[in-house]
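Side-chain atoms are counted along with the backbone in the values below, which use heavy atoms only and exclude waters and symmetry mates. The chains referred to below are lettered A, B, ... by the order of the sequence lines, with proteins before strands, and numbering in each begins at 1.
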Amino acid sequence: MEKEQFLEVYRHSLAHILAKAVIEIYGKEVQYAIGPQIADGCYYDFVLPAALTEGDFPAIENKMREIIKRRETWTMEEVSKEKALEIFKDQKFKTELICDLPEDEKITVYYTGDDFVDLCRGPHIDNSQLLMNVAFQVKSVSGAYWRGDEHRDQMQRVYLYAFPDQKQLKEHLKMIKEAMERDHKKLGPQLELFMFNETAQGMPYWLPRGWKLYQALMQYSRDVQDLHEYQEISAPVINNNKLWIISGHWAHYVNNMFIIPGKDEDEKYTVESVDTMAAKPMNCPNAMMEFGRKPRSYKELPIRYSEYDVLHRKEKTGQLNGLLRVQEFRQDDDHTFVTEDMIEAEIDDILSIADEIYKTFGITYRAEFSTRPEDFMGDIELWNDAEAVLKKILDKKYGEGGYEINEGDGAFYGPKIDLQIKDALGREWQCGTIQLDFQLPRNFDLKYTAQDGSEKVPVVIHRAIFGSIERFLGIIIENFKGVFPFWMSPYQVAVVPIRTEHNDYAKKVVQRLKALRIRVEADYSDNNMKQKIKKFKNYKDPYILVLGDKEAENGTVSINMRGSNKQINDVPLDKFIDMCMKLNMEHSIELIDSVE
RNA sequence: GCUGGAAUAGCGCAGUCGGUAGCGCAACUGAUUCGUAAUCAGUAGGUCGAGGGUUCGAGUCCCUUUUCCAGCUCCA
């Protein structure tokens, strides 16, 4: 058997062994659903008499090994629908699957030994002995809904790691462990970037160091957008619900909004009050207000309103996750008002910005196209037009089939292109988003005067490249393991005077650097220099300057570079400053390790 | 929201059978004034997430609750 094929087949076959083992342990009343292979193994969904815990894993693993040792033959049998229904008459999930199959579909079942049968398309191994050398381990157990629907049965999903041999399994486990080490939830507090408190669930507190990182990212975003002729605005964080009723958020998004009830005649707070306000979950409505404040001409378009205001979105508790999923965040948001024939060029420009920004971080992304949801607003015809435009652009840029299509996943006001990037554990997160909107401008009665003097409705493009800055930072922290490129490091340079008598010179150096907007910190305490260096190394500051007699005398600095024990001694301060300025300007990922 | 798990000093952890809370690092004080990642000595720090219960006695057992984590669902 080919190696590639084997990888899929043995993982899927192992899922059958897992099901057989669980049934042998927990009895015939176990309901088993489906068990596909996944990136690092496979899983199987069950309804079991009791909740599994970690303590049950060894028993399952042992039973699986025992079953494999039986060297049972696997046989495939093609059966009629009636026969299949008979075989699985006590299995509700299998019965449902069989009933849903088209009439003319071939139904195959696989027997592992005589006593276990599973509905399956295959292919599978011929005999369990082929699994003898395969390495596997129960990874975890968790809840999962039947057919991914939260209104249907919840089952227990048993995950398995599975690899061709022990060595590969061990390597994978090591990789997972390393990924956990660089979890942003761990690195964040360690590097003093952010924290959380239970009184503000899912709302990050940015600590001094983290806020410098955040600001560096925002500054970079502002610089790029300025070059692309964006104008930054800011608008109220809470608005009366009149605004949200016009925008459609009150009808389509209210469950995700933080509401501030107004008072009624009896001085009681109630959501029904005309004074009820809500915190903005999105910037769009207020951007519409700024556009609509005066008559507009086609000559003004495109108008690009960028915005970094704080947004609030109420989430169900279980879906919060460090910085990756929060309830308060900022987006590198923009609403661009265009005429219909500007759409294509504008989206091209947005995608070029995305390419430029992601490249700066060394990140690759994957595009997804989301179409009209059930809960949509507006005319179907407008939707069809919008979807056709986006599809054309995507086909041109990524090629047909070069992106994923998510039917029905669009926003309620328009279809969208999402840009996905991965965290350290390989989980994908939506960051960038480009949404085409023919709807909101109508709700807000926005118009511009066209060349022929007629009144037209502008099209709005919503877009964000980082997506939420919080989420993007979470991913970036993990990608860089907290070892940030010079330009975004909280502190770029640390200064260590060898003895307190060198503090005066150190302060001069610090003032020079600060005047040039290089972020610098210094330790003037009487701790010994080793302690000071250690402290700054732990913060992962890119360059540590050690200053003593020689340096003070010659106006130089001695540089200790991050990530190596290499020292560059007696560098003229001006030369070091040039190096810093160059790194800042070029947004280099790597540090410069020599002054020549 | 659902299923399962976790919460002990600023951080990382230990705490046995229910018997009254400990270690390392960090902090602080003193000594050392040092040339590139752990100098020495001492001091202080805890309503054991919160509330209730069982018990002579609870970090430990039970119930409720909050927050966090993994996964599901939803999402930027």
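- Checking the phosphate oxygens (OP1, OP2) of B/C75, no side-chain nitrogen or oxygen of A/R325 falls inside 4.0 Å.
- Judged purely by atom type and a 3.5 angstrom limit, A/E232 has no side-chain atom pairing as donor or acceptor with the backbone of A/Y305.
- The residue A/G148 sits close only to the backbone: its heavy atoms come under 4.0 Å of sugar-phosphate atoms, none of a base.
- Distance alone, capped at 3.5 Å, is enough to place a donor-acceptor pair between the A/D332 side chain and the A/I465 backbone.
- For the residue pair A/K566 / A/N560, no side-chain donor-acceptor distance below 3.5 Å is found, with atom types taken as modelled.
- Heavy-atom distances to RNA chain B give each of A/N569 and A/V326 a nearest nucleotide, and the one nearer the 5′ end belongs to A/N569.
- Counting distance only, with no hydrogens placed and no angle test, the side-chain atoms of A/Y145 and the base atoms of B/G1 include a donor-acceptor pair under 3.5 Å.
- Rounded to the nearest Å, the gap between the P atom of B/U73 and that of B/C17 is 40 Å.
- Remark: A/K507 is positioned above the aromatic ring of A/Y524, its terminal NZ or CZ atom under 6.0 angstrom from the ring centre and at most 45 degrees off the axis.
- Judged by a 6.0 Å distance limit and a 45° cone about the ring axis, A/R562 is not positioned over the six-membered ring of A/F536.
- Looking at heavy-atom distances under 4.0 Å, A/G202 makes contact with sugar-phosphate atoms alone, never a base.
- If you check every strand for non-hydrogen atoms under 4.0 Å, A/N538 touches a base.
- The side chain of A/N321 places an N or O atom within less than 4.0 Å of a non-bridging phosphate oxygen (OP1 or OP2) of B/A70.
- Checked by atom type and distance alone, the side chain of A/Q201 never pairs as donor or acceptor with a backbone atom of A/F196 at under 3.5 Å.
- For A/S142, no side-chain nitrogen or oxygen approaches OP1 or OP2 of B/G4 to under 4.0 Å.
- What separates CG of A/L191 from C1' of B/A26 is a distance of 15 Å, to the nearest Å.
- The separation between A/N256 atom CG and B/G1 atom P is 13 Å, rounded to whole Å.
- For A/S558, the side-chain atoms get nearest to B/G35 when compared with the rest of B/G35, B/C34, B/U32.
- Rounded to whole Å, the separation between the C1' atoms of B/A58 and B/U8 comes to 14 Å.
- The residue A/F536 sits apart from the nucleic acid: no heavy atom pair falls under 4.0 Å.
- Distance, A/F412 CZ to B/C75 P: 13 Å, rounded to whole Å.
- In this structure, A/Q567 does not reach the B/G35 phosphate: none of its side-chain N or O atoms is under 4.0 Å from OP1 or OP2.
- Put simply, the side chain of A/K530 and the base of B/A38 share no donor and acceptor less than 3.5 Å apart.
- Straight-line distance between the P atoms of B/G42 and B/A50: roughly 33 Å, to the nearest whole Å.
- Contact annotation: A/K416 side-chain N/O to B/C75 OP1/OP2 distance is not under 4.0 Å.
- B/G12 sits 22 Å from B/U16 when the C1' atoms are compared, rounded to a whole Å.
- With both ends at atom P, the span from B/A41 to B/U32 equals 16 Å, rounded to whole Å.
- Looking only at distances, a side-chain donor or acceptor of A/E61 sits under 3.5 Å from a matching main-chain atom of A/V138.
- Comparing B/C69 with B/C28, their P atoms are spaced 31 Å from each other, to the whole Å.
- Taking atom CE of residue A/M529 and atom C1' of nucleotide B/G35, one finds them 5 Å apart after rounding to whole Å.
- B/G71 atom P lies 18 Å from atom CG of A/L52, rounded to whole Å.
- Comparing B/C23 with B/C34, their P atoms sit 34 Å apart, to the nearest whole Å.
- Between A/F163 and A/H172, the ring planes are tilted. Angles from 30° to 60° get that label.
- When the C1' atom is used for both B/U47 and B/A37, the distance is 39 Å, rounded to whole Å.
- Counting non-hydrogen atoms under 4.0 angstrom, A/R499 reaches a base of the nucleic acid.
- Note: A/H252 and A/F376 fail the aromatic proximity criterion, with ring centroids not under 6.0 Å apart.
- Between the side chain of A/Q319 and the base of B/C74 there is at least one donor-acceptor pair of N/O atoms closer than 3.5 Å.
- Annotation: side-chain contact (heavy atoms from CB on, under 4.5 Å) contacts of A/Y214 (sequence neighbours excluded): A/W206, A/W211, A/M218, A/R330, A/I469, A/E470, A/L473.
- Within the nucleic acid shown, A/D418 has no heavy atom closer than 4.0 Å to any nucleic acid atom.
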Quiz item: Reading RNA chain B 5' to 3', how would its secondary structure be written in dot-bracket notation, given Watson-Crick and G-U pairs with both distances under 3.5 Å, brackets [ ] for crossing pairs and | for partners on other strands?
Solution: (((((((..((((.....[..)))).(((((.......))))).....(((((..]....))))))))))))....
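- Taking CG of A/L14 as the reference point, atom CD of A/Q37 lies at 11.0 Å (rounded to 0.5 Å).
- Nucleic acid contact for A/V546: base, since at least one base atom lies under 4.0 Å from a heavy atom of the residue.
- Residue A/K535 is out of contact with every strand shown, counting any heavy-atom pair closer than 4.0 Å.
- B/G1 atom P lies 8 Å from atom CD of A/Q201, rounded to whole Å.
- Nearest-nucleotide mapping onto RNA chain B: of A/K139 and A/H502, the residue sitting toward the 5' end is A/H502.
- For the pair A/N527 CG and B/U36 C1', the computed distance is 15 Å after rounding to whole Å.
- Distances from the side chain of A/K534 to the nucleotides B/U39, B/G4, B/A37 place B/A37 closest.
- Residue-to-nucleotide contacts include a donor-acceptor pair under 3.5 Å from the side chain of A/N560 to the base of B/U36.
- Remark: P of B/C72 and CE of A/M155 are 13 Å apart, rounded to the nearest angstrom.
- Under 3.5 Å, the side chain of A/E501 and the base of B/U33 form no donor-acceptor pair of N or O atoms.
- Applying the 3.5 Å distance criterion, the base of B/G35 shares a donor-acceptor pair with the side chain of A/E551.
- Residue contacts shown for A/L320 are limited to sugar-phosphate atoms, with no base heavy atom under 4.0 Å away.
- Base engagement by A/E315 is indicated by at least one non-hydrogen atom pair under 4.0 Å involving a base atom.
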